[in-house]
Amino acid sequence: MNALLKLLKSNARLTTSELAVMLDRDEKTVAEQIRELETKGVIKGYTAVINNELTEDEVVTAFIELKVTPQAQSGFDNIAKTVSSYEEVEACWLMSGSYDLGITISGTNLRDISQFVAQRLAPIDGVLSTATHFVLKRYKDNSIIITEEEIDERGFVSP
Amino acid sequence: MMDYEKIVAKAAREMKPSGIRKFFDIAQTLEGVISLGVGEPDFQTPWKIRQAAIMTLEKGKTTYTSNRGLQDLCKEISVYLEETVRTSYDPNSEIIVTVGGSEGIDASIRAMVEPGDEVLIVEPSFVCYAPLVSLSGGIPVTIEAKAENGFKVTAEEVKEKITDKTKMLILPYPNNPTGAVMRKDDLEKIAEVIRKTNIVIVSDEIYSELTYGEKHYSIVQCEGMKERTILINGFSKGFAMTGWRLGFLAGPKEIVSHILKIHQYAIMCSPTTSQYAAVEGLRHCRDEVAKMVQEYDIRRRFVANGFNKLGLDCIMPDGAFYVFPSIKSTGLSSKDFCEKLVYSQKVAVVPGDAFGACGEGYIRVSYAYSLNHLKEALYRIEKFLEELKNSSH
């Protein structure tokens with residue numbers, strides 16, 4: 001991965017001037033490079049990684065395995081696009097192995113999610129079966145440790 | 001009743017505890033302190049190295065090695081030195097695997113320094129040289145590296161301090177705490193002065209892997225210097241292996257054979273598990289080291305630039321993982337600055353004078369931390385400087 005992408009992936013809030021210093025490029029160049037990555041669609045967006053345990057929102061997340069009959073011509077694409085178009089769906093992948101589509105969705109409670117699976121996902125033409133796994137606790141997400149501060153074993157000061 | 005005064009040797013009694021230690025104690029009593037004070041990598045030892053160590057443990061390879069060190073490791077070190085500093089060392093007579101760079105420094109000083117010998121020590125530098133010289137009855141003679149020379153020591157400064165009692169020059173580059181690096185030209189000039197003398201050099205190159213821009217150059221590469229230099233290096237900084245306690249020294253066998261006796265009686269051999277791990281490190285992990293260097297390089301620019309923006313002048317260092325900004329503009333001493341900073345904004349940095357009197361007016365800041373950590377620390381330091389300004393009105 002190029003150095004600029006790597007830095008943005010680690011912290012998308014680094015400013016253009018900070019990035020310029022770190023990469024030893026001038027600010028204008030970095031701004032242009034970011035713009036190019038965005039317009040080309042290499043960078044698809046920026047997001048915050050939120051620890052919901054500390055917000056007032058009730059959030060329940062589930063991972064759903066979907067078995068699907070591939071369609072002539074489009075294969076899995078059409079079904080995947082339909083699934084992806086639902087606002088509740090946070091991620092949708094085509095998987096190798098024992099099921100076809102892997103989906104993560106979030107809702108405010110278990111009922112939300114079971115309703116979504118029963119009423120929106122299962123009825124889609126070509127969906128053969130679903131298996132829903134609820135997330136009990138998030139330890140790490142987007143390469144960031146969620147549960148607690150990492151302790152620096154090195155202490156404060158050493159020669 | 002024991003009369004401990006009579007029991008403890010004078011040299012030990014007179015040894016001062018490291019200035020770093022005292023600061024550590026303060027930081028530990030406070031809550032929510034974030035630190036820029038640590039002198040070791042934040043990276044974990046590359047997995048391949050750890051795995052190699054685990055494998056040897058599983059196989060039960062836990063006996064002593066030969067005094068000098070594992071044959072395979074000595075050979076790999078020899079190859080490594082050939083590649084990195086273009087100098088040949090015989091693995092069977094010119095290399096010793098030591099317990100970190102520290103033991104190499106200690107054993108070298110003990111093997112050569114006698115009462116009354118003067119030892120030239122470039123400062124600011126790592127804290128162990130002068131106490132160890134004194135322990136052997138030697139006289140530490142400080143050479144102050146100056147900020148206007150980028151904390152490099154000059155040939156003139158060395159020449160000025162040479163007397164007929166001078167036995168040794170300790171050359172600590174890439175430097176902790178300043179991050180200064182001596183390049184080929186700088187070293188050639190030092191070599192020119194030393195060549196005409198019978199002075200031995202102890203070149204502490206523990207940060208040799210961590211240079212930015214140009215690759216490390218060693219004084220042993222200058223003509224006539226290999227025969228009068230003990231090169232100290234190790235795995236702690238470059239390979240992120242501080243806790244493994246493994247280093248090595250290389251030098252002319254006429255000296256190394258005597259250092260080996262001290263090593264043998266004091267240590268027996270360096271930790272076996274660590275030695276096997278280091279073999280793997282040298283054979284297969286050089287690219288991982290390069291990745292860490294890239295990461296440090298990004299942080300180096302960020303931190304040096306950050307301090308300059310805050311009005312604390314900071315030279316962009318070429319090596320190690322420290323910056324050494326001047327805090328003279330605040331009018332505070334290094335100690336006061338660091339104490340106020342840790343109490344007020346809870347950021348721990350090390351006062352520059354812990355590395356020699358000429359470090360007064362500076363602080364040592366380690367960037368062996370994640371970018372987010374560095375960002376937060378710089379933010380707090382900015383707030384601290386604002387406080388200082390407001391309180392002086």
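Every value quoted in this text rests on a predicted model; they were computed, and no experiment measured them. Order of the sequence lines sets the chain letters (A, B, ...), proteins ahead of strands, with each chain counted from 1.
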Check step by step if salt bridge (charged side-chain N to carboxylate O under 4.0 Å, His left out) holds for B/D287 and B/K291.
CA-CA 6 Å; B/D287 52 338; B/K291 273 188 212 154; 5.4 Å; no
Test side chain to side chain contact (heavy atoms under 4.5 Å, CB included) applied to B/I315 and B/T178, step by step
CA-CA 9 Å; B/I315 297 168; B/T178 64; over 6 Å; no
Candidate pair B/Y173 and B/V122, rule side chain to side chain contact (heavy atoms under 4.5 Å, CB included), full reasoning
CA-CA 10 Å; B/Y173 291 96; B/V122 181; 3.4 Å; yes
Check the pair B/D353 / B/S334 against side chain to side chain donor-acceptor pair (under 3.5 Å), numbers first and verdict last.
CA-CA 7 Å; B/D353 65 336; B/S334 296; 4.8 Å; no
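For a residue to count as touching a neighbouring chain, one of its non-hydrogen atoms must lie under 4.5 Å from one of that chain's; by this rule B/A368 touches chain A with backbone and side chain alike. At a 4.5 Å heavy-atom cutoff, the contact between B/F302 and chain A is made by backbone and side-chain atoms alike. With a 4.5 angstrom heavy-atom cutoff, B/R364 touches chain A only via side-chain atoms. Residue contact with chain A, scored on non-hydrogen atoms closer than 4.5 Å, involves the backbone and the side chain of B/V33 alike. Both the backbone and the side chain of B/V38 come within contact range of chain A, judged by heavy atoms closer than 4.5 Å.
Using cut-offs of 30° and 60° on the angle between ring planes, the pair B/F43 and B/Y296 is perpendicular. Ring orientation note: the planes of B/F126 and B/Y129 are nearly perpendicular, at an angle over 60° on the 30°/60° scale. Ring geometry, B/Y212 versus B/Y367: the interplanar angle falls from 30° to 60°, so the pair is classed tilted.
In this structure, the ring of B/F151 has its center no less than 6.0 angstrom from the ring center of B/F355.
The structure places SG of B/C338 at 9.5 Å from CD1 of B/I26, a figure rounded to the nearest 0.5 Å. Within the model, atoms CD of B/E209 and OG of B/S236 stand 12.5 Å from one another, a figure rounded to the nearest 0.5 Å.
Residues of residues 115-130 of chain A lying under 4.5 angstrom from chain B, judged on non-hydrogen atoms, do not exist. Residues of residues 15-44 of chain A lying under 4.5 angstrom from chain B, judged on non-hydrogen atoms, are A/S17, A/E18, A/V21, A/M22, A/L23, A/D24 by number.
In B/K375, the NZ atom is crowded: over 12 heavy atoms of neighbouring residues, nucleotides or ligands sit closer than 6.0 Å. With a 6.0 Å radius and a threshold of 12 heavy atoms from other residues, nucleotides or ligands, B/Y379 has its OH atom at or below the threshold.
Per-residue counts of heavy-atom pairs under 4.5 Å with chain A were compared for B/V350, B/N372, B/V349; the largest is that of B/N372.
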